[in-house]
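In what follows, a structure is listed as structure tokens, so that the remarks can point back to it.
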There are 2 protein chains.
Amino acid sequence: MEALSERQETILALIVHRYIDAAQPVGSRWLVEQYHLGVSPATVRNEMATLTEAGLLRQPHTSAGRIPTEQGYRYFVRRLLGETELPADERRLISHQFHQARGAINEWVQLAASVLARHSRVASVVTAPHAERAIFKHLELINTRGNQVLMVLVLLGGVVQQELLSLASTFEQSELSQTAQKITMAAMGKSSREVAALVEEFKGLHAEILLLVASVMMRVDGLAAGDIVRDGLTNFLGEPEFADVNSARTALRLFEERGFLDEVVAEALDTTSVGTVQVVIGGEGYWKELENCSIVLARYGAPGLATGALGVLGPTRMAYGRTISAVRYVAGLMSDLVIETFAGQGNSGLTQ
Amino acid sequence: MEALSERQETILALIVHRYIDAAQPVGSRWLVEQYHLGVSPATVRNEMATLTEAGLLRQPHTSAGRIPTEQGYRYFVRRLLGETELPADERRLISHQFHQARGAINEWVQLAASVLARHSRVASVVTAPHAERAIFKHLELINTRGNQVLMVLVLLGGVVQQELLSLASTFEQSELSQTAQKITMAAMGKSSREVAALVEEFKGLHAEILLLVASVMMRVDGLAAGDIVRDGLTNFLGEPEFADVNSARTALRLFEERGFLDEVVAEALDTTSVGTVQVVIGGEGYWKELENCSIVLARYGAPGLATGALGVLGPTRMAYGRTISAVRYVAGLMSDLVIETFAGQGNSGLTQ
DNA sequence: CTTTAGCACTCTCTATCCGAGAGTGCTAAT
DNA sequence: ATTAGCACTCTCGGATAGAGAGTGCTAAAG
């Protein structure tokens, strides 16, 4: 693609801004009058024609103003949208909320989703932090009834897995507690594979439980991400591109179905490093269901220890500046939390 | 309200059925021809006029067919809709799925939501089972970094509460483990109040932790319900009453906001006993946001031990027969699970 | 007293048409 | 390279008209 002249870039940027704001095609005359460009509408029209030919703009119909194409948005985001940051007062507000919510990890995740939804004004997704490899921390066995046993497995970072087991025979609670304690001693700090290897050294109930523990841990290892929390579902129902119920429905379905999000998040985790924000505009040809949608996504956490993903899903016509900075900021806060929780080191960052 | 004649009831039932099916006003002529009533359209019209006067039917405009009013739906559900049950093969299918999902409680809750959404074809809500009173089962303290400590508190029934604490000073993991073990010994099987009373007997770290444990347990006591899981959000976007984006939005917002659901569920838990299904049609004047919506709700679990709620939210024009039976059946399965998990006694019911 | 045939009336829904308005592309002049 | 002028295209809103569906009423019949 040939480089654009400065004036062309200005015009593209103005059109993107205006279109994001008003959701209506932008005309040459309006542009000149509004922004006091020192040229005539005809000149702007010529530039627009060039930009249209370059595939950055398009017309909904012959005689309407221009709107950005997906490529236009991409050019805008990559080249014209400078580094933005959330205003200091918003940052302070968010940081304050996160301070208030000290406590359960799940609450942090929900708070992150809620903050993102509110500040980006589109729908948000946050996955709970997920350890790179499950590391055994503690096991608890609780007798419930007959040969039903509730297994509570605590992994590094405080991830808890619960499972209801049906054992071959009945055991006393005291016996179960002893078993759990013995296994905890032996397996502390070990990975799923190492726990599986421990089976050799035990027999009977111990071995049986160890096997179950190892299999649960392997399942956790295999998971791409932790629990997913959503917020702001209703935000994009107000946007004009979803006035048609069907388009709203497909977008919402994507959002509801875990499988799709898993895929996107996995993809993002592969190609994105912690600290950078990735913007996927219009599905990039990959996902055709995302036709009018964009995704702004970031990875958070500590690589090698535990990571998660968070981001937003909204119409392509979205306020990228604000959204990107919100995602980046919240990802930073969540990273601090993960490092704190998973016994690493690092600046908490919460204290401004 | 005067009692309706048999013929009036027939006509009301037919109109409700047909309207639920087709979402279009029902006319007298069509009714007579379709169902081979042995009377003329004029007769049916007379009866319709009576039913309209009684407030059970209404006309969208002067010259359209009739549609049921909310009162009409209520009469239909209460008096005309006989006891229905899910077809045996559907029951078997569901029961089979529940069998497959043995394991974590959360998975059961999610499965229940998914099954309800699929079988009722509207949006579903399921709350996790919530113990009547939190009973201490086990405590774990995990050192993370500096004076940050992760507290994992296991309550009766396998409910797990995690909390990140900031302690006054730093402790070794071994010290924390000992403390946790000591507290576990002392608090096993106790309620929040009893745990709080234990504080007297300890001092220093032990007392500090005990206080935190008690406060978390009290918070759990105060909660009306456990986690809420939703499914089938997109189901009702297809319905014609939500063709207007705004109405879809208000309904969806209700569904997304936890506060509202909490209120409804709390209300339902108060007035409904386990085993019965409650139908709220059109908000009953209470909640005006529910104008075109109905709720079918049931309580499940074991009163005095642990209970939860599950149900669906959909357009007033919903297939009540199928929905009510689905809700009732799933509530039964979940009750069995709760009784099993919370160490009670009772028939598992899963084995057909 | 109940039922029914007949009929005028009302209201929605769809298609069609028309004019206003907005914006473009092209051409020729600056 | 820029711009004024102009013809052309397309959408959008409102008005109009006819078809269709269904009712309520009246008067007659059972």
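We use all heavy atoms of the structure for the numbers below, so side chains are in, but hydrogens, waters and symmetry mates are not. By convention in this document, chain letters (A, B, ...) are assigned in the order of the sequence lines, proteins followed by strands, and residues within each chain are numbered from 1.
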Which of the following nucleotides, [options], is nearest to the side chain of [X]?
| X | options | result |
| --- | --- | --- |
| B/H61 | C/dT3, C/dT12, C/dT4 | C/dT12 |
| B/A42 | D/dG24, C/dA5, C/dT24 | C/dA5 |
| A/N46 | C/dT24, C/dT3, D/dT3 | D/dT3 |

Quickly work out the [X] [atom1] to [N] [atom2] distance and round it to whole Å.
| X | N | atom1 | atom2 | value |
| --- | --- | --- | --- | --- |
| B/E47 | D/dG22 | CD | C1' | 18 Å |
| B/Q8 | C/dT2 | CD | P | 12 Å |
| B/L51 | D/dG24 | CG | P | 12 Å |
| A/E33 | D/dT3 | CD | C1' | 16 Å |
| A/R29 | C/dG21 | CZ | C1' | 11 Å |
| B/E53 | D/dT23 | CD | P | 16 Å |
| A/M48 | D/dT2 | CE | C1' | 16 Å |
| A/R58 | C/dT24 | CZ | P | 15 Å |

So does [X] get a side-chain nitrogen or oxygen closer than 4.0 Å to the phosphate oxygens (OP1/OP2) of [N]?
| X | N | value |
| --- | --- | --- |
| A/R7 | D/dT2 | yes |
| B/T43 | C/dT2 | no |
| B/T62 | D/dG24 | no |
| A/R66 | C/dG25 | yes |
| B/Q59 | C/dC11 | no |

Take atom [atom1] of [X] as the centre, draw a 6.0 Å sphere, and report whether it contains more than 12 heavy atoms from other residues, nucleotides or ligands.
| X | atom1 | result |
| --- | --- | --- |
| A/R121 | CZ | no |
| A/R29 | CZ | no |
| B/Q34 | CD | yes |

Donor/acceptor link under 3.5 angstrom from [X] side chain onto base of [N]:
| X | N | value |
| --- | --- | --- |
| B/S63 | D/dT23 | no |
| B/S40 | C/dT4 | no |
| B/R45 | D/dG24 | yes |

- Any chance the rings of A/H119 and A/Y329 have centres within less than 6.0 Å? no
CD1 (B/I67) and OG1 (B/T52) are apart, to the nearest 0.5 Å, by 10.5 Å
Taking for A/V26 and for B/P41 the nucleotide of DNA chain C with the nearest heavy atom, the one nearer the 5' end belongs to B/P41
